[in-house]
Amino acid sequence: AIVEEGITGFVELSWSYGHKGFSNYYDGRKLGYTDNIESIILPSTFTWIRENCFYGCSSLNEIIIPEHVTIIKNNAFGGCTALEEIVIPSSVASIGDYAFCDCTNLNSITISNGVLSIGENAFRNCTSIESITIPSSVTTIRDYAFAYCTGISSIIVPATVTEQFSKNVFQGWRSNQTITLEWNSN
């Protein structure tokens, strides 16, 4: 699905009983049920991705987030089990709570320098992620952000992360996974 240029975000979100997934509307026009969408290209005019926007889109395997998006809201892509790769552009300041939670086939994440905060449970249970780099622009990683990401062999948390960081960020990690906290690496 291609969302037309000029659209800045979805303005209404409604649940449709009897259909799996949400029905998204923008400027009064129906995008369609998101449960069968495999690929979506958002226009360069998009500035935010609404809560639950693509929640449970089990067929979604490709999403291109344009450079002008500044926020990915809570649970925007939660449960998108076919999604394999995501590039979060430098324009995004905040990744919401549960934004990519339970994206179990997600194996490649690029978080660009510019992202300031990673929400609670943002990547929880993304068991296929093999590597991730947290850029030095990040100052906040909330609880359980990378919980049960059992495919990651190692992760480095930059010294810039000083707000709302706790041991729960990596809950469920195994003994063969390495967590390096730069502010403690003296």
Side-chain angles (χ1 to χ4, degrees), residues 8-9 40 42 44 46-55 60 62-81 83-186:
T8 58
I40 191 157
L42 300 174
S44 62
F46 237 61
T47 56
W48 52 279
I49 299 176
R50 185 181 180 93
E51 285 185 19
N52 300 310
C53 194
F54 299 102
Y55 174 79
L60 184 66
E62 180 183 28
I63 179 79
I64 297 173
I65 301 173
E67 190 61 43
H68 297 288
V69 169
T70 58
I71 185 168
I72 299 171
K73 293 199 172 191
N74 298 350
N75 220 5
F77 298 97
C80 292
T81 54
L83 193 61
E84 294 180 6
E85 179 180 359
I86 192 75
V87 175
I88 300 171
S90 61
S91 59
V92 172
S94 176
I95 301 169
D97 297 347
Y98 297 90
F100 297 93
C101 183
D102 295 323
C103 293
T104 53
N105 281 319
L106 189 61
N107 59 42
S108 176
I109 300 172
T110 301
I111 301 176
S112 299
N113 202 29
V115 173
L116 301 174
S117 67
I118 299 172
E120 188 173 308
N121 292 289
F123 296 99
R124 182 186 181 111
N125 203 33
C126 292
T127 54
S128 296
I129 299 172
E130 296 173 1
S131 69
I132 188 166
T133 300
I134 300 172
S136 61
S137 59
V138 173
T139 59
T140 303
I141 301 176
R142 296 194 55 216
D143 281 349
Y144 309 103
F146 298 101
Y148 303 101
C149 292
T150 54
I152 300 174
S153 60
S154 67
I155 193 165
I156 298 172
V157 179
T160 55
V161 177
T162 57
E163 300 174 34
Q164 298 183 10
F165 184 83
S166 76
K167 65 181 179 178
N168 294 331
V169 167
F170 302 105
Q171 183 174 345
W173 277 44
R174 299 178 180 152
S175 61
N176 64 339
Q177 293 176 283
T178 304
I179 302 164
T180 303
L181 306 175
E182 284 191 338
W183 65 89
N184 284 339
S185 61
N186 295 345

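A distance-only check finds a donor-acceptor pair linking the side chain of Ser112 to the backbone of Ile88 [under 3.5 Å]. Judged by distance alone, with hydrogens and angles left aside, the side-chain atoms of Ser94 form no donor-acceptor pair with the main-chain N or O of Ile71 at under 3.5 Å.
Side-chain contact check for Ile40 versus Phe54: some heavy-atom pair is nearer than 4.5 Å. Annotation: side chain of Ile49 is not in contact with side chain of Val92 (no heavy-atom distance under 4.5 Å). Glu85 is listed as a side-chain neighbour of Val87, based on a closest heavy-atom distance under 4.5 Å.
Across all non-hydrogen atoms, the minimal contact from Glu62 to Ile64 is OE2-CD1, 4.0 Å. Annotation for Ser44 and His68: closest pair O-CD2, 3.0 Å, computed over non-hydrogen atoms. Nearest heavy atom pair, residue Glu182 against residue Pro158, reads OE1-CA, 3.3 Å. Of all heavy-atom pairs between Pro66 and Pro89, the closest is O-CG, 3.4 Å.
Within the structure, every pair that satisfies the salt bridge (Lys or Arg N to Asp or Glu O under 4.0 Å) test and touches residues 107-135, not counting sequence neighbours, is listed here: Glu120-Arg142.
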**Report entry** Ser136/Asn113 under side-chain contact (heavy atoms from CB on, under 4.5 Å): CA gap, chis, key distance, verdict
**Finding:** CA-CA 7 Å; Ser136 61; Asn113 202 29; 3.8 Å; yes

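With sequence neighbours excluded, the residues forming a side-chain hydrogen bond (donor to acceptor under 3.5 Å, both in side chains) with Asn75 are Asn52, listed by chain and number. In this structure Ser90 satisfies the side-chain hydrogen bond (donor to acceptor under 3.5 Å, both in side chains) test together with Glu67, sequence neighbours excluded. Ala93 pairs by the side-chain contact (heavy atoms from CB on, under 4.5 Å) definition with Leu116, not counting sequence neighbours.
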Result block: side-chain N/O donor-acceptor pairs under 3.5 angstrom for residues 144-156, not counting sequence neighbours:
| residue | atom | partner | partner atom | Å |
| --- | --- | --- | --- | --- |
| Tyr148 | OH | Gln171 | NE2 | 3.1 |

Please tabulate, for side-chain N and O atoms in residues 98-111, each donor-acceptor pair with protein atoms closer than 3.5 Å (sequence neighbours left out).
| residue | atom | partner | partner atom | Å |
| --- | --- | --- | --- | --- |
| Tyr98 | OH | Asn121 | ND2 | 3.0 |
| Asp102 | OD1 | Asn125 | ND2 | 2.9 |
| Asn105 | ND2 | Thr81 | O | 2.7 |

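For the atom pair Tyr55 OH and Leu60 CG, the distance stands at 14.5 Å (nearest 0.5 Å). Atom OG1 in Thr160 sits 9.0 Å away from atom CD1 in Ile134 (nearest 0.5 Å). Rounding to the nearest 0.5 Å places CD1 of Ile95 at 11.0 Å from CZ of Phe77. With rounding to the nearest 0.5 Å, the separation of CD1 in Ile72 from CG in Asn74 is 11.5 Å.
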